[in-house]
Amino acid sequence: MSVDKPVSSTFPDSGELASQGSDELVVNVNSHTGEPETGFDPLLGWGCGHVNFEPLVQSTLFKSADDGSIINDLATNYSISSNGKTWTVHIRDDVRFTDGENLTARDVAFTFNTAIGSNSELDMSNLEKATAINDTAVKFELKEPQSSFIWRLRYVGIVPEHAYRKETYGSNPIGSGPYKFVQWDKGQQAIFKLNEDYYGKKPYFKKITMLFLDKDTAFAAVKSGDVDIAEVEISYANQTVNGYNLISLPAARAQGVSFPMQNNTGEKSLKGDPIGNNVTADIAIRKALNLGIDRKALLEGVIYGKGDVEYTGVDQREFGNPEARIKDSNVEEAKKILENAGWKDTDGDGIREKNGTKAQFKLYYSSSDQTRQALSVAVSEQARDLGIKIDLVGTSWDEIYANQYSSAVLYAYSSIDTFNLYLQYHSKEADDTYKNPGLYNNPVVDGYLEAALRATDQDQATKYWQLAAYDGNTGFGPAGDATWLWLVTIDYLYMSDETLDIGTPQRNAGADILGNIYEWKRVSATNSTSK
């Protein structure tokens, strides 16, 4: 069904899509965007930040190939100075905004300079300034070397300097991407039409209607045939709908338990929240859980096999280190580690203790997330077999953040930006942010992370990111300091009309379902196959 009027949150049993066989597309891709509160403005988060995705309306300097590698979009090439602080990017000279104005390096510089002071989730604090050298070259000057800056260049959509007003741009954006913005019916839908002057490969679909439905309502839209593709909850993994294929796309969306790494000495955070946990600070507890937990059982029992087991949080990324992983589901070896470290059940209550301290701690999770709740329950049940008692606390994120330095938390990690790996494991003060909630502090790991950021070659940076996970002696992974109990990665699930061919989705980019929109097309239902 293709619509120009707002779509109701309830759908009649309309049978076949009105758009079936057409070049119009109706999507509900909640993870791709949700509805952007500030509109379609890259400087306020559209396309970049906590979740990175194809912005449709704007071009980016770089984009991702199907294999996940970074390739040129507006850019034609780039270079980095020997000290890693200056990046020079050359861009195409044949690109126009949809209002007919040429896109030049001045627009690129304006975009990034404006982003420095914006409220975007994408951190630009390390960018000193961007300068247009000429119409087709822009220089980025960084305060400190940052190999991960490539991801800033990858995801920030370029806006026109002559037509950008922070107060109004998001509701009527002008860009140079594959689609033009048409209208936004707040709370319901947004409509995009093909940019006929687009410089790159033009998509097959000439019109996209993007619905803003929650996942349950989206599934109702699938059942009534009112949407071409919709993201659905993992609980629908075993559901079938006539005329639709279930697509399961990896995204390296890792779920894991953070461990407070410091002992409880009475120290408080800047906000006065407690720091330290005398149980999880013991590496024997962390090692035993990493060894003893059966991740495959969690994969099959909680998320219906729609994902993979996870050990380091970045197993599926190119910068993951296989040497940092361990072989799990080894209950006997886990028990030996605990016994040798002095954790014994001397009173027969099933909970080990050491020097009068019970092997018991709290695990916080978001009460609004059924999957995290189910994972937390399953982990606590398995831990009990090891003699470790985990008390579950389902609550709000405010309460979770207030307790993250003194209790375990079930968090998710899905960023492909390597800088987040630095933030996750580099030592820091208790600054009340959710990065490095365990306050991990390992000078060797810090050194690797810093070297990774200073590297001017991405392959060299990858080597250091991997060493930070494990160098044969130490690291943040389970083979090293076991800073987290990573559990599983969860795929993104989509119900797709059988006449829709989505090509080859980008590697581990299940959240960015529209990232390869250039490959999508409509096919005959008799020729379509399950993906």
Student: Taking only residues two or more places apart in sequence, or in another chain, which ones meet T98 in a side-chain contact (heavy atoms from CB on, under 4.5 Å)?
Tutor: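 With neighbours one apart ignored, the set is I174, K180, N195.
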
Student: Can you label the angle between the F40 ring and the W46 ring as parallel, tilted or perpendicular, going by 30° and 60°?
Tutor: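 Answer is perpendicular, since the angle exceeds 60°.
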
Student: List for me each residue that meets side-chain contact (heavy atoms from CB on, under 4.5 Å) alongside N172, sequence neighbours excluded, and say none if there are none.
Tutor: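 With neighbours one apart ignored, the set is F181.
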
Student: For atom CZ of R106, is the number of surrounding heavy atoms from other residues, nucleotides or ligands below 6.0 Å larger than 12?
Tutor: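 For R106, atom CZ is not crowded (no more than 12 foreign heavy atoms under 6.0 Å).
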
Student: Do D446 and Y425 meet the criterion of a side-chain donor-acceptor pair at a distance under 3.5 Å?
Tutor: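 No, no side-chain donor-acceptor pair sits under 3.5 Å.
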
Student: Looking only at the side chains, is there a donor atom on one of Y204 and D23 sitting less than 3.5 Å from an acceptor on the other?
Tutor: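 No, because no side-chain N or O of Y204 sits under 3.5 Å from a partner of the opposite role on D23.
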
Student: More than 12 non-hydrogen atoms from neighbouring residues, nucleotides or ligands closer than 6.0 Å to NZ on K186, yes or no?
Tutor: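 No, not enclosed.
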
Student: Does R96 use its side chain to pair, donor to acceptor, with the backbone of G100 at less than 3.5 Å?
Tutor: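 Side chain of R96 to backbone of G100: a pair is present.
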
Student: ring-ring contact (aromatic ring centres under 6.0 Å, His included) with W87: which of F149, F140, F62, F112?
Tutor: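 Single pass found, and it is F149.
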
Student: Hey, are the side chains of T136 and R92 touching, using non-hydrogen atoms and a 4.5 Å cut-off?
Tutor: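 In short, these two side chains do not touch, never coming nearer than 4.5 Å.
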
Student: Could you check whether any side-chain N or O of N245 sits under 3.5 Å from a backbone N or O of E498, counting only pairs where one atom can act as donor and the other as acceptor?
Tutor: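 Flag not set: sc N245 to bb E498 has no pair under 3.5 Å.
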
Student: Are any of the side-chain heavy atoms of N28 and I229 separated by less than 4.5 Å?
Tutor: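 SC-SC contact between N28 and I229 ruled out.
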
Student: Cationic tip of K463 within the cone over W465's six-membered ring, i.e. under 6.0 Å and within 45° of the normal?
Tutor: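 No.
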
Student: Evaluate the side-chain proximity of Q424 to W484: yes if any heavy-atom separation is below 4.5 Å, no if none is.
Tutor: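 The answer is yes, as the side chains (C-beta and beyond) meet within the 4.5 Å cut-off.
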
Student: Report, as yes or no, whether the 6.0 Å neighbourhood of atom CD on E161 holds more than 12 heavy atoms from other residues, nucleotides or ligands.
Tutor: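 For E161, atom CD is crowded (more than 12 foreign heavy atoms under 6.0 Å).
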
Student: NZ of K129: more than 12 outside heavy atoms within 6.0 angstrom?
Tutor: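 Open.
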
Student: Under 4.0 Å between a side-chain nitrogen and a carboxylate oxygen: does that hold for D228 and R522?
Tutor: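 A salt bridge links D228 with R522.
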
Student: Does a donor on one side chain and an acceptor on the other come within less than 3.5 Å for T499 and D497?
Tutor: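 Yes, D497 and T499 have a side-chain donor paired with an acceptor closer than 3.5 Å.
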
Student: Would you give me the side-chain donor-acceptor pairs under 3.5 Å for residues 75-83, sequence neighbours excluded?
Tutor:
unit_1	atom_1	unit_2	atom_2	d
T76	OG1	H90	O	3.2
S81	OG	N83	OD1	2.6
S81	OG	K85	N	3.4
S81	OG	T86	N	3.1
N83	OD1	K85	N	2.9

Student: Considering only NZ, NE, NH1 and NH2 on the basic side and carboxylate oxygens on the acidic side, decide whether E128 and K143 come within less than 4.0 Å.
Tutor: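 No, this pair does not count.
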
Student: Count the heavy atoms of every other residue, nucleotide or ligand shown that sit under 6.0 Å from CD of E196, and state whether that count exceeds 12.
Tutor: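 Yes, CD of E196 has more than 12 neighbouring heavy atoms, counting only those of other groups under 6.0 Å.
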
